[in-house]
Amino acid sequence: MQLYEQHPLKIHNSLGGKKENFKPLKEGYVGMYVCGPTVYSNVHLGNCRTFMSFDMMFRYFRHLGYKVRYVRNITDVGHLENDSDDGEDKIAKKAKLEQIEPMEVVQRYTVDFHNIIKQFNLLPPSIEPTATGHIVEQIEIIKEIIENGYAYVVNGSVYFDVVTFNEKFDYGKLSGRKLEDMMANTRQLTAQSEKRNPQDFALWKKAEEQHIMRWPSPWGDGFPGWHIECTVMSTKYLGRTFDIHGGGMDLKFPHHECEIAQAEASYGKAPVNYWIHTNMLTLNGKKMSKSIGNNVFPHEIFSGDTELLSKAYAPAVVRFFMMQAHYSSILDLSDDALQASEKGYHRLMDAISILEKLETGSKSDFDVQTWRQKCYDAMSDDFNTPILIAHLFDAVKHINQIKEGNEMITEVDLNLLSDTIKAFVYDVLGIAPASEAQGDSNNLDGVLNLLIDLRNEARANKDFQTSDKIRDELVSLGIQLKDGKDGTTFSLN
RNA sequence: GGCAUCGUGGCCGAGUGGCUAGGCACAGCUCUGCAAAAGCUUGUACAGCGGUUCGAAUCCGCUCGAUGCCUCCA
């Protein structure tokens, strides 16, 4: 029996706005697509939060025993700079600015993205397709949409006909908008626009002479519109209808709305059963955004090299900080909040590290079975990581009590406790084990144990000057000694 | 202007029609040579105004405020 049978999962579906019981199309398998980064600049921390949230979901699905195909794309072409007719591709624009090949820009920032994501301990997706690798498929689906009567060609460009589409399908069902309202709220089209209606969006854009990223198509040389790549790459690898589609809240409209429209206009059916949208990470109460410059880069956090922070924070601490908030809530980044998380993180990790040293007894004062169930209940209730973490701290309390000799635990329970807490912290939350995060080494252990011995000798001789010197010097090196009942231990910061 | 989300104790952040999340900070105590760590104890918050209810912070309405989307953005 798989874990997913014992712990049924509920997911908040953005389409409809309700929590629903999760039922995959094929039992035991999950298909999940997440809109990945546009690689024309470094990822900022806000981007990372989204990918981290979906990484956590990916991990929990796997933990539950599902076989998951997780597709996260790389957008390396296609974002129109603006809606005007000379709209050019963001990546191409950046390339011209820096006098290099567009694919060089793509390469540089893709490498940066992978590097950062790895430090945050994200698992690689099953497939990471690129938009430029699927031009042929994009052209094919555009042809289909034209044949079905939901798109029109103007002067080498192809536009999706929202009004015609809306007659048969419902444009706006994901974002809760009505086409009439949208049209009423839009200014009149300028005379020179090619579009029949301001709400129409580009499926294919004609490339002007100076446009360097271009591909031949039945409508002339050009490049694909922003929304079509996701429709193509998701359905190609997951099927025309698949389980989960995720992305940041800011993509709900128009991007995801358009994806639904494109899929329905071509294949005639809804592409996705469960839409999941993660909320924004804010900085000073405002959304992080590349375009307005309100952002923090991960390397600035890791190095502490920013005016926003008083010190550097390890990737695992940042990850723990993010997991303390629900994925669907706005999270505001601040130095105070990170500091609080860092302390909590160390408390949790210290408890895990003393698990092996605990002595077992004849009975348990801690109901591990019930606690374990609560952990699953939290995660299975729309991936409620903050509640899970609250339960983990409940266990921390008991672990410390057992260490102090105030409580007892049986060997069986201790093993279950140990396995469960490690599974949730390491495997599900994706928080790196202490040894990895702290750069463990046996040499260091040996040296520290020697220093601890020397200090304890000094203390025994009441030579507190020496003992305090050892302790204080170590603290300034980031090593904290902890005197307990059963001797002295240390932890690294 | 339209649509959406949200407003919780010093800070961060869950949750919910009645039975006190959690973390951090603060205070007292225990332990300690002194600290740190750990443990124990204390904090009764839910924007405002109405309404529904035996009972609402939780449901409904209004007001105020914040944020997001409506043009590229996770």
Side-chain angles (χ1 to χ4, degrees), chain A residues 14 17 34-38 40-41 43-54 75 79-84 87 89-90 93 172 175-178 181-182 184-186 198-199 226 246-255 257 277-282 285-292 295 320-321 324-326 328-334 336-348 350-351 354 378 381 384-394 396-397 399-401 403-406 459 462-464 467-468 471-472 475 480-485 488-491:
Chain A
S14 310
V34 171
C35 293
T38 304
Y40 65 87
S41 65
V43 272
H44 64 247
L45 204 63
N47 300 301
C48 293
R49 183 187 182 202
T50 295
F51 301 130
M52 217 181 274
S53 294
F54 287 107
T75 297
H79 281 206
L80 300 181
E81 182 66 19
N82 55 49
D83 219 13
S84 66
D89 190 297
K90 255 195 177 163
K93 187 181 179 191
S175 53
R177 289 156 208 251
K178 287 200 170 14
D181 295 346
M182 285 187 254
N185 278 307
T186 320
Q199 269 63 46
W226 171 37
M249 205 72 115
D250 49 353
L251 296 184
K252 204 171 182 181
F253 188 89
H255 184 55
E257 198 72 71
H277 288 98
T278 57
N279 219 136
M280 301 294 105
L281 179 70
T282 59
K286 293 253 188 276
K287 179 190 177 186
M288 281 198 200
S289 164
K290 290 173 187 175
S291 41
I292 59 172
N295 55 16
F320 179 72
F321 161 72
Q324 276 184 301
H326 190 84
S328 65
S329 300
I330 293 172
L331 212 207
D332 193 54
L333 183 91
S334 67
D336 286 350
L338 279 173
Q339 260 181 36
S341 290
E342 185 174 54
K343 292 199 176 163
Y345 166 81
H346 284 304
R347 187 150 174 258
L348 178 61
D350 287 350
I354 65 168
D381 184 15
N384 201 323
T385 53
I387 295 283
L388 169 68
I389 289 171
H391 292 319
L392 294 179
F393 276 107
D394 195 35
V396 167
K397 208 168 206 175
I399 290 168
N400 287 325
Q401 287 283 23
K403 187 193 77 177
E404 295 285 311
N406 297 331
R459 291 171 74 200
K462 299 211 186 296
D463 178 7
F464 298 124
S467 66
D468 287 356
R471 183 181 69 198
D472 297 342
V475 166
Q480 180 72 59
L481 296 186
K482 298 172 183 177
D483 295 328
K485 269 186 186 157
T488 304
T489 56
F490 66 89
S491 66

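Order of the sequence lines fixes the chain letters, A, B, ..., with proteins taken first and strands second; residue numbering starts at 1 for each chain. As the structure is a prediction and not an experimental result, all values here were calculated from the model.
The ring-ring contact (aromatic ring centres under 6.0 Å, His included) check on A:Phe51 picks up A:Phe113, with sequence neighbours excluded. Judged as a side-chain hydrogen bond (donor to acceptor under 3.5 Å, both in side chains), and not counting sequence neighbours, the contacts of A:Glu257 are A:Ser175. Every residue meeting the side-chain contact (heavy atoms from CB on, under 4.5 Å) condition with A:Ser329, not counting sequence neighbours, appears here in chain and number order: A:His326. A search for salt bridge (Lys or Arg N to Asp or Glu O under 4.0 Å) contacts involving A:Arg177 returns nothing, not counting sequence neighbours. Residues satisfying the salt bridge (Lys or Arg N to Asp or Glu O under 4.0 Å) criterion with A:Asp332, sequence neighbours excluded, are absent altogether. With sequence neighbours left out, A:Glu342 forms a salt bridge (Lys or Arg N to Asp or Glu O under 4.0 Å) with A:Lys311. Listed by chain and residue number, A:Asn279, A:Thr282 satisfy the side-chain contact (heavy atoms from CB on, under 4.5 Å) test with A:Ile330 (two or more places apart in sequence, or in another chain). With sequence neighbours excluded, no residue satisfies salt bridge (Lys or Arg N to Asp or Glu O under 4.0 Å) with A:Lys343.
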What pairs of nitrogen or oxygen atoms, one from the protein and one from nucleotides 24-29 of chain B, lie under 3.5 Å apart?
from, atom 1, to, atom 2, distance (Å)
B:A25, OP1, A:Lys343, NZ, 2.8

Could you go over nucleotides 33-35 of chain B and give all protein N or O partners under 3.5 Å, atom names and distances?
from, atom 1, to, atom 2, distance (Å)
B:G33, O6, A:Arg459, NE, 3.3
B:G33, O6, A:Ser467, OG, 3.4
B:G33, N1, A:Asp468, OD1, 3.0
B:G33, N2, A:Asp468, OD2, 2.9
B:C34, O2, A:Arg471, NH2, 3.2
B:C34, N3, A:Arg471, NH1, 2.7
B:C34, N4, A:Arg471, NH1, 3.2
B:A35, N6, A:Asp483, OD2, 2.3
B:A35, N1, A:Asp483, OD2, 3.3
B:A35, N3, A:Arg471, NH1, 2.9

Atom pairs under 3.5 Å, N or O on each side, protein against nucleotides 40-44 of chain B: can you list them with distances?
from, atom 1, to, atom 2, distance (Å)
B:C40, OP1, A:Gln401, NE2, 3.1

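Rounded to an integer number of Å, the gap from CZ of A:Arg177 to P of B:C69 is 10 Å. Between A:Met249 atom CE and B:C3 atom C1' there is a gap of 13 Å when expressed in whole angstrom units. Between A:Ile330 atom CD1 and B:U8 atom C1' the separation is 15 Å, expressed in whole Å. Distance A:Ile399 CD1 to B:A37 P: 18 Å, rounded to the nearest Å.
The side chain of A:Asn400 places no N or O atom within less than 4.0 Å of a non-bridging phosphate oxygen (OP1 or OP2) of B:A38. At least one side-chain nitrogen or oxygen of A:Asn384 sits closer than 4.0 Å to the OP1 or OP2 atom of B:G15.
As rounded to the nearest Å, B:C59 and B:G7 have P atoms that lie 10 Å from one another. B:U20 sits 13 Å from B:G9 when the C1' atoms are compared, rounded to a whole Å. Distance check on atom C1': B:G51 versus B:G65 gives 22 Å, rounded to whole Å. Between B:U53 and B:C46, the distance separating the two P atoms is 24 Å to the nearest Å.
A residue-by-residue look at A:Lys252 and A:Cys35 shows that A:Lys252 has its nearest nucleotide of RNA chain B further toward the 5' end. Nearest-nucleotide mapping onto RNA chain B: of A:Thr282 and A:Gly176, the residue sitting toward the 5' end is A:Gly176.
In this structure, A:Arg459 pairs ionically with A:Asp483, as a charged nitrogen and a carboxylate oxygen lie closer than 4.0 Å.
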Open item on the list: Output the pairing pattern of RNA chain B as a dot-bracket string, 5' first, Watson-Crick or G-U wobble with both distances under 3.5 Å, | for cross-strand pairs, [ ] for crossing pairs.
Closed with: (((((((..(((.....[...)))..((((.......)))).....(((((..]....))))))))))))....

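A 6.0 Å sphere centred on NZ of A:Lys397 holds no more than 12 heavy atoms belonging to other residues, nucleotides or ligands.
Of the candidate nucleotides B:G13, B:A74, B:G22, B:G22 has the atom lying nearest to any side-chain atom of A:Ala390. Closest to the A:His326 side chain, of the nucleotides B:A14, B:C12, B:C70, is B:A14. The listed nucleotides are B:G13, B:A74, B:C70; the one nearest the side chain of A:His44 is B:A74.
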